[in-house]
2 protein chains.
Amino acid sequence: MATTAPRVEARGGENRREALLDAAAAMFATKGYDGTSIRDIAGAVGMLPGSLYYHFKSKEDLLIAVYRKGVARFEAAIDAALGGTVDEPWQAIEAACAAHLSILLDGGDYARIVNPEFVRSFPPAMLPTLNAERDRYERHFEKLIAALPLDPQTDRWLFKVALFGSLNWSQTWYRKGRYTPHDIAAAFIGMLRLKQA
Amino acid sequence: MATTAPRVEARGGENRREALLDAAAAMFATKGYDGTSIRDIAGAVGMLPGSLYYHFKSKEDLLIAVYRKGVARFEAAIDAALGGTVDEPWQAIEAACAAHLSILLDGGDYARIVNPEFVRSFPPAMLPTLNAERDRYERHFEKLIAALPLDPQTDRWLFKVALFGSLNWSQTWYRKGRYTPHDIAAAFIGMLRLKQA
DNA sequence: GAGGCTACCAAACAAGTGTTTGCTATGACA
DNA sequence: TGTCATAGCAAACACTTGTTTGGTAGCCTC
């Protein structure tokens, strides 16, 4: 046998914590933060409520961990999308939008937590912590928008919130099948771009 | 003195119910449905928790009443805005957007409840009831969009959700002062319209 | 002035909440 | 073989939740 065991854990190991995160993300996303109890989450992974406190020191702590994973997913997706350095600005932002949408719509439960409208249901004390994470992410888009050849009258900040609104709103109407994230990104950017032709 | 007293109520009268609705709207909007207790609401108007059940038969019943008032506000605003029959399609939709925004952003607590992202935190059983109210409202916009002279390639349904997304998202970033609802409506419509020039 | 309705109080109910505490089985390591 | 951290169980804690029930003060009508 292997003389130096590759760090085998006592019972469940590190992936039990991960299982709790997954369960929490799923239940937060569907039933909300307040609507989900510690007992629900622990029960979903076959644990007793008290045992959860070995892995997380409070329910809020658990939420923050879930939220961080959510933001990380968005950042990874957008990094990957912009990795191939597209230098045409409209193509670049369309790629970023498509990446954002694919996580938002098909990225599983973690992504749903990040929505600011969702965040408002969280304990107010944690709002600064969570918003700081998100602001950092949005800055990627601000850079891409700064590079766009827009009409001089266009307020780039309003352009950003308009675009973000369209994108994030898709969570409320999107159903798998009819449109893909790429379709939607292309259509939205197309509407904002046509005048340049 | 007035011989026929103008319908003076026993104690609080009909406006006590209204006071409860106001308190509920305010607290739902800031702390969410689950985050607000019957005791909070009753206490805000100087009532005991049990007494609330004289006016509303359940907490869900109270929420529905608040929600209805919220939707009614939007409908009244848009009716007023389109009353002066603007027949230029772009002007008409801009007016509708401005009306929508003025309620959404400065329309008080009732309006905040109507946001679909907010609704998701409600008991799932009441979702059909609430969504039916909202769908009826959105149909006003579908009509206005149908009248727009858009590029043939533009999907009008996607146009609608993009516009609605931009508008409703403003709730997350709007702060009084910098932009007025009219400014925002003009800017958003301007971005989507420029190509027609 | 008797009856009835309105609007509310007072007090409890059962159920569910996040969290703490003490204990224990398991495997790694010396 | 003994020690030790890991990972979790079992049971309780104090508290909050939506809701119900029985009673009652004030007003209106007959």
Side-chain angles (χ1 to χ4, degrees), chain A residues 1-24 27-28 30-67 121-126, chain B residues 1-24 27-28 30-67 121-126:
Chain A
M1 306 301 178
T3 54
T4 61
R7 186 67 189 133
V8 176
E9 289 82 2
R11 232 159 139 177
E14 185 65 19
N15 53 347
R16 296 295 288 158
R17 185 189 147 100
E18 222 61 21
L20 282 171
L21 281 172
D22 288 349
M27 311 193 77
F28 287 162
T30 58
K31 308 200 304 175
Y33 178 72
D34 288 313
T36 304
S37 75
I38 292 288
R39 283 163 180 81
D40 290 339
I41 299 168
V45 306
M47 227 185 233
L48 289 183
S51 308
L52 185 145
Y53 285 81
Y54 174 76
H55 299 279
F56 302 95
K57 73 180 220 291
S58 70
K59 191 185 180 185
E60 298 195 1
D61 198 48
L62 172 56
L63 172 60
I64 291 178
V66 171
Y67 189 90
S121 74
F122 298 162
M126 29 190 339
Chain B
M1 306 301 177
T3 56
T4 61
R7 183 68 189 135
V8 176
E9 289 83 1
R11 234 159 136 175
E14 183 65 20
N15 53 346
R16 296 296 288 160
R17 185 189 147 101
E18 221 61 21
L20 283 171
L21 282 172
D22 288 350
M27 311 193 78
F28 286 162
T30 58
K31 308 200 303 176
Y33 178 73
D34 288 313
T36 304
S37 75
I38 293 288
R39 282 165 181 78
D40 291 338
I41 300 168
V45 306
M47 228 186 233
L48 289 183
S51 310
L52 185 145
Y53 286 81
Y54 174 77
H55 299 278
F56 302 94
K57 74 179 220 289
S58 73
K59 191 185 180 187
E60 298 195 0
D61 198 47
L62 172 56
L63 172 59
I64 292 179
V66 171
Y67 189 89
S121 74
F122 299 162
M126 32 191 336

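Letters go in sequence order (proteins before strands), and every chain restarts at 1.
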Checklist entry - Taking only residues two or more places apart in sequence, or in another chain, which ones meet Thr30(B) in a side-chain contact (heavy atoms from CB on, under 4.5 Å)? => result Arg112(B)

Next on the checklist: I want to check one thing: is the phosphate of dA7(C), taken as OP1 and OP2, less than 4.0 Å away from some side-chain N or O of Tyr54(B)?
Outcome noted: yes

Checklist entry - Given atom CE of Met47(B) and atom C1' of dT6(C), what is their separation to the nearest angstrom? => result 12 Å

Checklist outcome for this item: With sequence neighbours left out, the residues meeting side-chain contact (heavy atoms from CB on, under 4.5 Å) with Phe56(B) are Arg17(B), Leu20(B), Leu21(B), Leu52(B), Asp61(B), Leu62(B), Ala65(B)

Checklist entry - How long is the line joining CG of Asn15(A) and P of dT6(D), in whole Å? => result 16 Å

Item to check | Arg17(A) CZ - dT6(D) C1' separation (whole Å) | outcome: 15 Å

Checklist entry - Expressed in angstrom and rounded to an integer, what is the separation of Phe56(B) atom CZ from dA7(C) atom P? => result 12 Å

Checklist entry - In whole angstroms, how far is the C1' atom of dT17(C) from the CD atom of Glu60(A)? => result 14 Å

Checklist outcome for this item: By side chain to side chain donor-acceptor pair (under 3.5 Å), Ser37(B) pairs with (sequence neighbours left out) Asp40(B)

Checklist entry - Does dT6(D) have OP1 or OP2 sitting under 4.0 Å from an N or O in the side chain of His55(A)? => result no

Give every pair of a protein N or O atom and an N or O atom of nucleotides 12-18 of chain D that lie under 3.5 Å apart, one pair per line with the distance.
residue, atom, partner, partner atom, Å
dG18(D), OP1, Thr36(B), O, 3.3
dG18(D), OP1, Lys59(B), NZ, 2.6
dG18(D), OP2, Ile38(B), N, 2.9
dG18(D), N7, Arg39(B), NH1, 2.8
dG18(D), O6, Arg39(B), NH2, 2.7

Item to check | Residue Leu48(B), side-chain heavy atoms: nucleotide from dC9(C), dA7(D), dC8(C) that is nearest | outcome: dC9(C)

Item to check | Pairs flagged by ring pair (Phe, Tyr, Trp, His ring centres under 6.0 Å) wherever residues 30-52 of chain B is involved - sequence neighbours left out | outcome: Phe28(B)-Tyr33(B), Tyr33(B)-Phe122(B)

Checklist entry - Counting N and O atoms only, with roles assigned by atom type, does the side chain of Arg16(A) sit under 3.5 Å from a partner on the main chain of Val45(A), one being a donor and the other an acceptor? => result yes

Next on the checklist: List the residues meeting side-chain contact (heavy atoms from CB on, under 4.5 Å) with Asp34(A), not counting sequence neighbours, and say none if there are none.
Outcome noted: Asp34(B)

Checklist entry - Within the structure, does a side-chain N or O atom of Ser51(A) lie under 4.0 Å from either OP1 or OP2 of dA7(D)? => result no

